[in-house]
Amino acid sequence: MRKALITGISGQDGSYLAELLLAKGYEVHGLVRRSSNTVRARLDHLFGDPTIYNQKLFLHYADIDDTTTIRRLLIRIQPTEVYHLAGQSHVGASFEIPESTCEFTAMGTLRLLEVLRDLPERPRMMQISSSEIFGRPSDAPQDESTPMNPVSPYGVAKAFATQMVRVYRDSFGFFACNAICFNHESPRRGESFVTRKISLAAARIKLGLQKTLTLGNLDAQRDWGYAPEYVEAFWKILQHDTPDDYVIATGKSHTLGEFLEAAFGSVDLEWRDHVQTDPKYMRPAESHRLVGNPKHAIETLDWQPRTKAPELAALMVEHDLQAIRSHG
Ligand code: G4F
């Protein structure tokens, strides 16, 4: 029986990955924070299925800095694969809470690697890294060899974690990999990230529940992909013969204006009539343009990003429209 442990199972990626692994016949274990109140939202359909919850899917309470509990769980569960997705993932927030961001994202990864180091049967391990490690990159598109140059506390924490995974792979023979993910979105995206903020606003404005949307830096350009496709890459990374790092991206960058155009346009709205800016949403430093080169993942893992950003924007708005119509 293949067993997976997912840290951060209650997040967007964790919930999609749990579904994927269950469909592949895995026994899935997830770590959740005791204070997490989003646990049920994204996993509700799995909780509600008596053939899945506590049969094939198990949740365990453990904060990512609780090394003793994590060690105990790893010894008991003996997973064959560990997907490390947990951490403070909001770049803007990392300027307000840099210490805890580094504690969870940087040190949390190191602590997990240290626990894995002592296990008699070491599982394969994947860490979700981020395009934020490139910060203001010297070249475009960015690939696995692009130098790290982070400009946010979050980016610095991810750079530490990414390099530490490489050190443990090279020095201790770990099967440990980084999925260097560019932005990936879905209807399960947290509401404070810009794409979901936009899709919710477009839906509410369409239904007459809201008039304006206030954003920060409209000049930003991001490589936005569809999260369920990115978790397919996570799985493929750990099935490959050798451990390595992979950029997971679509290879196409869009301005925030283009995303707004696609989202508002999908419900026949003109975004310029509704969007305003406020410096409070600007960051002290910003990656202005990020675009990934997923060639290594495409060629080595036979992985393909399929959903383009305009299509993604429209599907997120459609989901929010339906959800508001059904639940208010
Ligand atoms: O949606 P965002 O907050 O995503 P960001 O900062 O690119 O980071 C996300 O993607 C990374 C790469 O995969 C992850 F590592 C990270 O964990 C996270 O998932 O912001 C996107 C862009 C930024 O340039 C931001 O300044 O949108 C700009 N923006 C403009 N107005 C805004 C807003 N971002 C947010 N969150 N809220 C705004 O009102």
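None of the values given here were measured: they were computed from a predicted structure. This chain uses plain numbering: 1 for the first residue, then up along the sequence. Each ligand, and each atom within it, is numbered from 1 in the order the structure gives.
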Verify whether one side chain among [X] and [Y] offers a donor that lies under 3.5 Å from an acceptor in the other.
X	Y	answer
Q142	S131	no
Q55	Y53	no
R188	Q12	no
E81	Q239	yes
Q88	S100	no
D244	H296	yes

Tell me, which protein residue and heavy-atom name are nearest [atom], and how many Å apart are they?
atom	value
atom 16 (C) of ligand 1	S89 O, 3.3 Å
atom 31 (N) of ligand 1	G216 N, 2.7 Å
atom 15 (F) of ligand 1	S130 OG, 2.5 Å
atom 8 (O) of ligand 1	V91 CG2, 3.4 Å
atom 5 (P) of ligand 1	N183 ND2, 3.6 Å
atom 24 (O) of ligand 1	E286 OE2, 2.8 Å
atom 36 (N) of ligand 1	S192 O, 2.9 Å

Ring centres under 6.0 Å, that's the criterion: do W224 and F193 meet it? no
- Run the ring-centre check on H90 versus Y154 and record whether the distance is less than 6.0 Å. no
| said: Heavy-atom count check: over 12 atoms from other residues, nucleotides or ligands less than 6.0 Å from Q276 CD? | reply: yes
How about D302: does its CG atom have over 12 heavy atoms from other parts shown lying under 6.0 Å from it? no
Can you check whether [X] has an N/O within less than 3.5 Å of an N/O in ligand 1?
X	value
R222	yes
L256	no
S287	no
W224	no

Please identify which atoms of ligand 1 are closer than 4.0 Å to at least one heavy atom of [X].
X	result
A220	24 (O)
Y281	39 (O)
F182	12 (C), 13 (O)
Y154	14 (C), 15 (F), 16 (C), 17 (O)
C181	12 (C), 13 (O)
H90	36 (N)

Restricting to heavy atoms, the pick from R283, H288, K197 nearest atom 3 (O) of ligand 1 would be R283
Atom 22 (C) of ligand 1: of L218, V194, D13, the nearest heavy atom sits on V194
Residue pair Y16, S186: steps toward the side chain to side chain donor-acceptor pair (under 3.5 Å) verdict: CA-CA 10 Å; Y16 284 124; S186 75; 3.3 Å; yes
A cation-pi test, strictly: NZ or CZ of K197 under 6.0 Å from the centre of the six-membered ring of Y281 and no more than 45 degrees from its axis. Yes or no?
yes
So for L215 against ligand 1, with non-hydrogen atoms under 4.0 Å, the contacting part is both
Check if R196 has a non-hydrogen atom at a distance under 4.0 Å from any atom of ligand 1. no
R189 touching ligand 1 at heavy-atom level, < 4.0 angstrom = yes
Can you check whether R189's main-chain N or O pairs, donor with acceptor, with R196's side chain at less than 3.5 Å? yes
